[in-house]
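Here, residue 1 is the first one in the sequence, and each next residue gets the next number. Any value given below was found using the heavy atoms of this structure, including those in side chains, with hydrogens, waters and symmetry copies removed.
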Amino acid sequence: MTQKAPTRPPKQRRWIRAVAAIVLCGIGFLLARAPLFRETTVIVDAGGCRLVTDVVDAGEDDAQGYVILFHGLAANKKIMSFIAQGFALQGLRVFVPDLPGHGRTPGPFSFERAETCGDSFVKQMIGRGAVDPKRTILAGHSMGGSIAIKVAARVSVAGVIAISPAPMVTTYGVEKSMLIFTNPPPIPAHTLVLSGSLEPRSIRESARYLLSGENAASGKYEVISYATHAGMLLNRNVVAESQRWAAQPLGIDASVKIPPRLPLIGGVAGLIGIFLLAGPFLREALGKSSLPSVAQGSSAGQAQAYDAMAVRRQDISVRVIAEFVAFAFVAVLILRVWNPFGFVHLFEGDYLAGFLLIAGVGLLAAHYKKIATLWDFNGKHLIGAAFAAVVVPLLIYAWLDLTLTEAWITPARWLRFPAVLLLALPFHAAEELALGPAMRTRQSKTRLAYALVLRAVMWGVLLMGIAALHNGEILLALLAPYVALFCLFQRTGMDVVRSSTGSALAAAIFGAILLAGFSVVVFPIS
């Protein structure tokens, strides 16, 4: 008869987990905040656009040239750090502004205003003597890449680098509704266009088109192997190609110098540490679970009873999925005709909030007999769930803001938080009713998988609406991978709340708060 290996007591495991988390956060902070480059933040008032701007260089007072670097849609200046540091290693001084409604720069945002402010920014920097246009490279990623091309067509500079530029022509399967800008100008001389091999073919071919025909002699088109659209910002080959291209018109050393990845490693390490602490904190905030669990000593009858409940849940899954699809279609069709949620003032975040509200209200109406179960709750559970839903994300956003990307919720974004929360709450409540009660058994993973399937079909309908109805909500398509990751963490947390409290309303409030925080951080202010 074999003996089981001794296991550590729960208290000892908690201490080990806490120490590991603190160590990871400490090491991560030291790595992420190491003073490898000189960075200064200034506000540039250009044509009525007060753009918060990072100035990055290697610490030398005399720059060999200048780079003005524009970020993409729903991004910010901090996300561009790896590319900016690559230019700084060449002895260049890099200016990276937050475009309107992004990062620290106030809104409102629109594509036209982003281009106008970008143009005014370049002219203001030249007018102040901060840069010499003959020794300046305009660069950008995605939307920023297109802005760099359009501005360089009006302002003579040394060269242009467009990293995965947003499509500007209706070719290769790109619909007009998905264009950020139209009518691309003649491509400026000495333009480098980079695409990732793992980007959609339509995006690559649209980028290639910029340097075709009469523009073929204006520059170079290059595909970076094994690179996605967002991954281009952290790709060493992108930095290498950009450095070599910038060196040509500026007459500087063309040797490749890759920035260290220590800040990235530190940022990820700290995130892991925070996630290690998040689970225990959430359970402590909610209190001890009152739900049944199947322990090793439980009877076979108990286990079979719980498994039978899970099977019954699976039996109704097809009907529930059909309902979610139907109400998602209704929401998309209504919003195609009329979107009354513009008061949220989040670029395309108003569409998402309205989509969730319409679908959620429809699902609740279809199951009105179950709504009464939402009010079977304990006030402590609601307070604990709301408290945890605010504290944990704020810790994550604060860490991201310190290390990887500007993610702190500014006052302007806080003002939009209550509206998104209230609009998202009905859907999360309907979802919890559809999933049924949580059980602390091996079937809990089945519940999570089922919830993610419901999210996937909802998002699938949303994306089909974007593609088929040409409603122009392209940001929602671009954010799909990040939304999928968010949903995984959010739904895991919601299941912990439901299993710990037994309250569908507490879980719904927890999820809605998380979504509201995510939305006001990610979507530009419009």
Side-chain angles (χ1 to χ4, degrees), residues 14 16-37 39 54 56 69 71-72 74-86 88-89 96 98 102-104 141-142 163-164 196 198 224-240 257-282 388 391-409 478-493 496 514 517-518 521-522:
R14 287 196 297 268
I16 293 175
R17 184 170 184 163
V19 171
I22 293 172
V23 170
L24 282 171
C25 289
I27 294 175
F29 182 81
L30 293 176
L31 293 178
R33 302 294 293 178
L36 303 175
F37 296 86
E39 297 185 12
D54 280 350
V56 184
L69 181 61
H71 62 74
N76 52 65
K77 55 185 171 57
K78 200 160 190 175
I79 286 178
M80 307 299 292
S81 293
F82 189 67
I83 304 293
Q85 291 168 2
L89 288 176
V96 196
D98 275 336
H102 292 74
R104 297 290 193 270
H141 172 252
S142 192
I163 304 169
S164 299
L198 300 182
I224 305 298
S225 300
Y226 309 110
T228 61
H229 187 73
M232 296 282 279
L233 297 177
L234 297 172
N235 192 293
R236 58 183 292 119
N237 292 326
V238 171
V239 171
K257 301 172 184 177
I258 305 299
R261 294 183 181 272
L262 294 180
L264 175 63
I265 295 171
V268 172
L271 275 181
I272 294 173
I274 292 174
F275 283 127
L276 284 175
L277 292 174
F281 170 79
L282 182 56
V391 172
V392 173
L394 285 181
L395 288 175
I396 294 173
Y397 298 151
W399 179 261
L400 289 174
D401 198 73
L402 283 171
T403 58
L404 300 176
T405 178
E406 291 173 346
W408 190 245
I409 306 180
L478 296 175
L479 291 176
Y482 309 101
V483 171
L485 186 62
F486 166 79
C487 285
L488 174 61
F489 288 113
Q490 182 210 31
R491 275 303 330 172
T492 301
V496 171
L514 290 186
F518 175 81
V521 164
V522 170

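Between R104 and D401, at least one side-chain nitrogen of the basic residue sits less than 4.0 Å from a carboxylate oxygen of the acidic one, meeting the salt-bridge criterion.
Taking the six-membered ring for Trp and thresholds of 30 and 60 degrees, H229 and H141 have ring planes inclined between 30 and 60 degrees apart.
G28 approaches A269 most closely through the heavy-atom pair CA-CB, 4.3 Å. Across every non-hydrogen atom of V392 and F281, the tightest pair is CG2-CD2, 3.5 Å. Here the shortest heavy-atom pairing between G266 and L31 reads CA-CB, 3.8 Å. The minimum heavy-atom distance linking A21 with G273 is given by the pair CB-O, 3.2 Å. Closest heavy-atom contact between L282 and A388: CD1-CB, 3.4 Å. The shortest heavy-atom contact between A74 and V522 is CB-O, 3.6 Å.
Using a 4.5 Å heavy-atom cutoff, the side chains of F82 and L264 are not in contact. In this structure, the side chains of V483 and F518 come closer than 4.5 Å at one or more pairs of heavy atoms. Counting heavy atoms from C-beta on, the side chains of W408 and V521 never come closer than 4.5 Å. Counting only heavy atoms from C-beta outward, the side chains of V19 and I16 never approach each other to under 4.5 Å.
I224 CD1 to R236 CZ: the interatomic distance, rounded to the nearest 0.5 Å, is 12.0 Å. Put simply, CD1 on I22 and CD1 on I274 are 12.0 Å apart, with the number rounded to the nearest 0.5 Å. Atom CD1 in I83 sits 4.5 Å away from atom CD1 in I163 (nearest 0.5 Å). T405 OG1 to K77 NZ: the interatomic distance, rounded to the nearest 0.5 Å, is 9.5 Å. In this structure, T228 OG1 and N235 CG are separated by 8.5 Å, a value rounded to the nearest 0.5 Å. Atom CG of L233 and atom CE of M80 lie 5.0 Å apart (nearest 0.5 Å).
Taking E39 as the reference, V56, Q85 meet the side-chain contact (heavy atoms from CB on, under 4.5 Å) condition, with sequence neighbours excluded. F37 pairs by the ring pair (Phe, Tyr, Trp, His ring centres under 6.0 Å) definition with nothing, not counting sequence neighbours. Legend: residues meeting side-chain contact (heavy atoms from CB on, under 4.5 Å) with F489, ordered by chain and number and at least two apart, are F275, L485. With sequence neighbours excluded, no residue forms a ring pair (Phe, Tyr, Trp, His ring centres under 6.0 Å) with Y482. The side-chain contact (heavy atoms from CB on, under 4.5 Å) test applied to L30 returns no partner, not counting sequence neighbours. Residues meeting the ring pair (Phe, Tyr, Trp, His ring centres under 6.0 Å) test with H102, sequence neighbours left out: H71, F109.
Although no hydrogens or angles enter the test, the distance criterion places a donor-acceptor pair under 3.5 Å between the side chain of K78 and the main chain of L402. Without hydrogens or angle criteria, N237 side chain to A240 main chain gives no donor-acceptor distance under 3.5 Å. A side-chain donor-acceptor contact under 3.5 Å links W399 to the backbone of G267.
Atom CZ of R261 has more than 12 heavy atoms from other residues, nucleotides or ligands within 6.0 Å.
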